[in-house]
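Have a look at the structure below, then the notes.
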Amino acid sequence: MRAAGVREIGGLVEVFDLPEPDGPGPGEVVIEVAAAGVGNWDNIVRTGAWDVGLTPPMALGVEVAGTVVAVGSQVTDFRAGDEVLGHPLPLSHQGCWAERVVVDAGLIARKPAGVSWETAAAFPVPALTAEQVLSESLKLAENQTLLVHGAGSTTGGLAVQLAALRGARVIATAGPSSAARVTQAGAAEVLDYHDSEWPDRVRELTGGLGADAALNAVPGGSTATIAALREGGRMATITGDPPAAERGIGVTNVYVRPDATQLAELSALLGDGRLTLSVGAVLPLAEAATALEHAISGTKGGPVVLRT
């Protein structure tokens, strides 16, 4: 089967042939891939800094949307023909940038009928990240004030939407080109992150106290984010650069994990329109290297997707 990935750790992304899956194990399903998400995290896998359970030559890709074509003997929740999406780590056979992939049936969820393959493929990692930040790291409650630094990003934008749905007041930072979209997502105030004094503005908007909780989605933005928090607040960063704790503020460095229950709940919100996600670019599998470059640069205004 055709796949896109690397022949060695740190190698260039190529398109090559890999063996067809032998078939699902007892708790697995085979998915015919319709689309696969592409993110900067795939470059972390490519360079060997994130172990997803495979060794080269291997297909990259940790987000999948497609149709189940075979089920293992112990699988009862899915059957051939089901449309699904997932973040199926660890990868037991190959990555998701392939024509077919074998995954643990406990790591996927049903794709809502009205959601496109492209949107479904781009959804799992940022949606799960946003959910785990809000519900687990920050334990965000209704009527609290959440700061999202980098709300123009895919994960930041989903965090704004989820927080607004839960009755939080959201103060966001974004660039001018993203401000209207972030406001529509549910932010009460949107500040231009180019203004170096935006943390002071957050404190002004909160009566001099600072936000109750914050998500940093901007590489190198943790120091500014923590400055905008109240004493004893809570902060999560998804960029791997947590600041030193200060003023009694709890700091968490968040790495996404697979969770089919959370993904099913989030997918239901996507299906009924309470969550939205706009894909930035769709490329064929043959252009996987270019797709990864787009994802790393973040210049397409949304997530990047491969169609198989």
Side-chain angles (χ1 to χ4, degrees), residues 1-25 28-70 84-104 107-108 116-126 129 154-155 219 240 255-256 258 279-308:
M1 67 175 180
R2 300 294 283 168
V6 292
R7 298 181 189 273
E8 61 184 5
I9 291 298
L12 298 176
V13 174
E14 303 176 51
V15 177
F16 46 76
D17 289 322
L18 287 172
E20 287 280 351
D22 292 333
E28 297 175 328
V29 301
V30 180
I31 298 172
E32 183 175 343
V33 179
V38 183
N40 57 1
W41 49 81
D42 292 304
N43 198 49
I44 300 173
V45 177
R46 182 189 69 82
T47 60
W50 184 8
D51 181 2
V52 294
L54 300 178
T55 56
M58 66 183 187
L60 295 173
V62 298
E63 294 179 294
V64 65
T67 303
V68 174
V69 294
V84 298
L85 72 164
H87 171 46
L89 291 188
L91 297 167
S92 56
H93 295 265
Q94 285 298 338
C96 302
W97 296 0
E99 293 175 321
R100 280 163 294 283
V101 65
V102 182
V103 304
D104 184 332
L107 298 177
I108 57 175
S116 71
W117 288 120
E118 293 85 356
T119 297
F123 186 71
V125 166
T129 303
T154 303
T155 303
Y255 294 93
V256 66
V279 173
V282 180
L283 285 80
L285 187 66
E287 297 180 29
T290 300
L292 184 57
E293 291 174 2
H294 289 331
I296 294 169
S297 69
T299 56
K300 290 300 177 179
V304 180
V305 172
L306 290 173
R307 284 299 304 252
T308 58

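Source: prediction; values computed, not measured.
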How many angstroms lie between atom [atom1] of [X] and atom [atom2] of [Y], to the nearest 0.5 angstrom?
X      : Y      : atom1 : atom2 : result
Leu60  : Leu292 : CG    : CG    : 7.5 Å
Leu54  : Leu89  : CG    : CG    : 9.0 Å
Arg2   : Leu18  : CZ    : CG    : 9.5 Å
Leu285 : Met1   : CG    : CE    : 10.0 Å

If you take all heavy atoms of [X] and [Y], which pair is closest and at what distance?
X      : Y      : value
Ala98  : Thr308 : O-CG2, 3.4 Å
Val102 : Pro24  : CG1-CA, 4.2 Å
Ala36  : Cys96  : CB-O, 3.4 Å
Leu85  : Pro124 : CD1-CG, 4.1 Å
Leu283 : Ala281 : CD1-CB, 4.0 Å
Val256 : Val125 : CG2-O, 3.9 Å

Pairs flagged by side chain to side chain donor-acceptor pair (under 3.5 Å) wherever residues 285-295 is involved - sequence neighbours left out =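 Side chain to side chain donor-acceptor pair (under 3.5 Å) check on residues 285-295 returns no pairs.
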Can you tell me which residue pairs pass the side chain to side chain donor-acceptor pair (under 3.5 Å) test with a partner in residues 30-44, sequence neighbours excluded?
-> Asn43-Arg46
Between [X] and [Y], is any pair of side-chain heavy atoms under 4.5 Å apart?
X      : Y      : result
Met58  : Val6   : yes
Trp117 : Thr67  : yes
Pro56  : Ile9   : yes
Pro21  : Arg100 : yes
Trp97  : Val38  : yes

Test your reading of the model: is there a side-chain donor-acceptor pair from [X] to the backbone of [Y], 3.5 Å cut-off?
X      : Y      : answer
His93  : Val103 : no
Gln94  : Ala59  : yes
Thr154 : Pro126 : no

Any pair counted as salt bridge (charged side-chain N to carboxylate O under 4.0 Å, His left out), so long as it reaches residues 116-126, sequence neighbours left out =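 Applying salt bridge (charged side-chain N to carboxylate O under 4.0 Å, His left out) to every pair that reaches into residues 116-126, excluding sequence neighbours, yields Glu118-Arg307.
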Kindly write out the residues that satisfy side chain to side chain donor-acceptor pair (under 3.5 Å) with Ser297, not counting sequence neighbours, or none if the list is empty.
-> Thr299
Step through the shown structure and confirm whether more than 12 heavy atoms of other residues, nucleotides or ligands are within 6.0 Å of CG on Asp22.
->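 No, because the 6.0 Å sphere around CG of Asp22 holds 12 heavy atoms or fewer from other groups.
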Under the salt bridge (Lys or Arg N to Asp or Glu O under 4.0 Å) rule, collect the residues that match up with Glu14, sequence neighbours excluded.
->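 Testing Glu14 for salt bridge (Lys or Arg N to Asp or Glu O under 4.0 Å), a comparison that skips the adjacent residues, returns Arg7.
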Salt bridge (Lys or Arg N to Asp or Glu O under 4.0 Å) against Asp51, all qualifying residues, sequence neighbours excluded |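 Salt bridge (Lys or Arg N to Asp or Glu O under 4.0 Å) list for Asp51, sorted by chain: empty.
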Going through the checks in order, is the side chain to side chain contact (heavy atoms under 4.5 Å, CB included) test met by Glu99 and Val33?
-> CA-CA 5 Å; Glu99 293 175 321; Val33 179; over 6 Å; no
